[in-house]
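Heads up, the thing below is written out as C-alpha cells.
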Amino acid sequence: MTASVRLNIAGMTCTSCAARVEKKLNRLDGVTASVNYATERATVDVEDGIEVQTLIDTVARTGYSASVPTPPTGAEDEHGDHGDLHGAASMRQRLRVSAALAVPVVVLSMVPAWQFDNWQWLALALASPVVVWGAYPFHRAAWVNARHGAVTMDTLVSVGVGAAWLWSLWALFVGDAGMTGMTMAFDLLPGAAADGHDEIYLEVAAAVTVFILAGHYLEASAKTASSAALRALMDLGVRDVTVLRDGVETTVPLADLHAGDRFVVRPGQRIATDGVVEDGSSSVDESMLTGESVPVEVVPGDVVTGATVNAGGRLVVRATAVGADTQLAQMARLVEEAQDGKAEVQRLADRVSAWFVPGVITLALATLAAWQLSGSTWNAAFTAAVAVLIIACPCALGLATPTALLVGTGRGAQLGILIKGPQVLESTRAIDTVVLDKTGTVTTGAMSVVCVDPVPGVDEDRLRLVAASLEHRSEHPVARAVAQLAEPADVTGFANHAGFGVTGSVGGHDAMIGRPSWLAERGVDISGLGPVESTGTTVGVAWDGVLRGTVTVADTVKPTSARAIAELRRLGLEPVLLTGDNDSVARSVAAEVGIERVVADVTPAQKLRVVHELQAEGRVVAMIGDGINDAAALAAADLGIAMGTGTDVAIQASDLTLVKGDLATAVDAVRLARATLRIIKGNLFWAFAYNVAAIPLAALGLLNPLIAGLAMAFSSVFVVTNSLRLRRFEP
C-alpha cells in the first residue's frame, strides 16, 4: 500500500533547489517524489512503514526545511498569511534598502563629471552592505548547496556578485584604483575603458544584486497572485454557523458542526456546508461553484452546497458533509493536486536546469582563460566571465511551465473546471474526437412532458388534471414527470399495476393511465390513438372506459448542447454520440444537436470497446459522461471529462470535471487548456532563446555585466507576467 504525503518546502530560491530536493527524496527506498518550485510544495508517494519525519529529515539534510501543511481554515490557507506566501514582504524590504544604496553607486560610476576626489571609497561604503546583506539570500543558498556538493542558480549569482566586489577590493587596496583623482567611464561594450587595475566593478555588484532582488520580489508577488484563485476558493468558507438544537438557535464555530446537524441560513448568508434543505424556500447563488450567474430555486428536499449564498428566504438545512468531505474542499484539493503536479514539458526544463548551472560555471572559466590566452587584460577577461555567470541564470526556464499551470488551473477552478493534473492540459493538444454520453450529458437526464394531446372534444386542462392526479402517487420516472402537469385532485381506489400503469377514481370517474397496449387489454378502444412518439414514452389517459388523450414524456436536450457541439467542431473535434438508449431516440437527439455519428444500444463494456476501436483507428479520444456506466470509458479515453452533476465513480475515473454539468463548459475547458499550453510554449521559447542568444554575446565581451543582470531579472519577470495573462481568460 502507498500513501500520498504533501509537504511545504522552505528555503528554495530556484528550480535547481527543487530538483535537488526531489532527487534526494527519490533516493529513499519506497519513495516517489515530485517537487514544484512555483508552489513550493512536494508531493510524495510513500510505501507503508515510511514515516513522514523521515521525509522531513531528508529535506533538512539537503539544506532546506519541510513541514506538513496545516488544514485550511477559510481565511487562511496552508501557508498562513495570504499577503506573504512566498516571502514577498521580506524581499521587498531588502530590495528597498539595497536600491537606495545602489543608485548613488551606479550614478557615480557611470557619470565621470560627478566623480569627485575619492568618490570610489564612498561607492565602496554604499555598495558593500548591498553585496553582503542585500545578496545574503543568494550567498546563503550558494553556501548551503556547496556544503552538499551542489551548484544552483544562486551559485551563479553569488559568484558573479562576489567576484565583482572582491575584484574591486583588490583594485582599491592593492592596485591603484584607490588613488585620489581616479575616474572611470561607463561603456556598453566592456573592455573598451579597461586600463589595468583602475577598473572597479562596485556598480556591477550593487546593481546586479538589486536587479535580481527585484526579479525575485516580482516573481514572489506574481506567484502569490497566481495562487489567488485557490485562496479565494478557500476564503469562501464561513467561520461560524447558527445551529438549531431543540428548537434553539446557537452560534458555534464551523469546526463544531457535524454531519446530521440542522443549521439556519438567513438571507444574504453563505451556506455553511453541504446539506439538504429541510424547511423554507429560497434562491441560492451558486456562481462561485458553477460559474452560472442565475440563482437556483431550492425547496425542502433539495441539495445545497457549502459556500453558496442564500439570496432569498430563511432556510433550515441538515448537514450531509463537513470539513474535507465538502464539495468546496474537494474542489480545492483537486486544484492543489493539479498545481503540484508536473507536465512532461516541465520535467524537460528541470532536466536542462540540472546540467545547465555546472555548464555555465565551466563556460565562465573557459571564457576567462580564453580572453587571457588571447592577450587581453584581466579587466576584459574578468568582465566577460562575470557577464556569462550573470546572464546565464536559467530562472526563466524553470518558471516557464509551473507558473502557467498554476494560473491556468486556478482560473479553471473559478470557471467550474477542475483539472486533475498538468498532464491533462497536454492531452487536449492532440484530441481530435470527442465521444459524448447522451443521458445527463447532452440531455438533462430527467424526464419531462414534451406533448399533451387530447382527443377531439376533450378539454386539455381536464386531461392534465386526471393524468397528474393518478400519477401523483407513483414513483416511476415517467409518473413523476406527468405529475407536474397540474395540482393533483383527490384519488380514491388507487391501484398501481407495476410496469403497465395505474388506476383510480378522480372526481367520481373511474380513470386509468398507462401503456396504450395495456389500456386496450382493459377494454379501452385505442383505434383513435395517433402515432406514438419514437423519441419518448407515450402513455394513454382514459376515464369511463373511453380514451381521452395521450401524454408523451422524454429526456429533453439541454439548452446549451447544440451550441456546445458546434463549438467543439470549430475547435477541430469530431463529436460521436454513444448511448445505451435505443437507436431511434439516439438519432433524434443527435439530429437535434448536430451530431452525425451515432452508436446506440451499447452496454458499459461496449462503450469501452467503442473507445478502444476509435483509438485503434488512430484517433485521440476525449470521453464526456456522467454515469457509473461511463466510468470505464472515461478511464480508457485519452482525456476523460466528467459532469460534476454525475456520479462519484464517473468523476473519480475522469481527468477533468465540469462542476455545473453543462456541456458548454467542456468547450471552455478545451480552450483554457490550449491557451495554457500556448503560454507554456511561449515561455519556454523565450527562456531558451534568451539564453542561447545572450551567452555568446557575454562570452565575446559584448555585454556589460550591468546590462546582463538587468536582462536576467527581466526574463524571469516576463515569464511570470506572461503566465498571469491566463487570469483574464474568459469563457
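Looking only at distances, a side-chain donor or acceptor of Gln269 sits under 3.5 Å from a matching main-chain atom of Arg266. Between the side chain of Asn8 and the backbone N or O of Ser67, no donor-acceptor pair lies under 3.5 Å. Using a distance-only test at 3.5 Å, with no hydrogens or angles considered, a donor-acceptor pair links the side chain of Thr443 to the main chain of Lys438.
Looking at Val491 and His472, their side chains never come closer than 4.5 Å, going by heavy atoms from C-beta outward. In this structure the side chain of Val553 reaches within 4.5 angstrom of the side chain of Val482, judged on heavy atoms. Taking the side chain as every heavy atom from C-beta outward, Val5 and Thr43 never approach each other to under 4.5 Å. Side-chain contact between Thr665 and Leu415: absent, with no pair of heavy atoms (C-beta onward) separated by less than 4.5 Å. Contact check for Val449 versus Thr552: no side-chain heavy atoms found under the 4.5 Å cut-off. At a threshold of 4.5 Å between non-hydrogen side-chain atoms, the residues His497 and Trp518 count as touching. Within the 4.5 Å cutoff, no side-chain heavy atoms of Val276 are placed close to those of Val304.
Screening Asp302, Ile271, Val265 for a side-chain contact (heavy atoms from CB on, under 4.5 Å) involving Val284 leaves a single residue, Ile271. Just one residue in the list Leu436, Val434, Val576 forms a side-chain contact (heavy atoms from CB on, under 4.5 Å) with Ile595, and that residue is Leu436.
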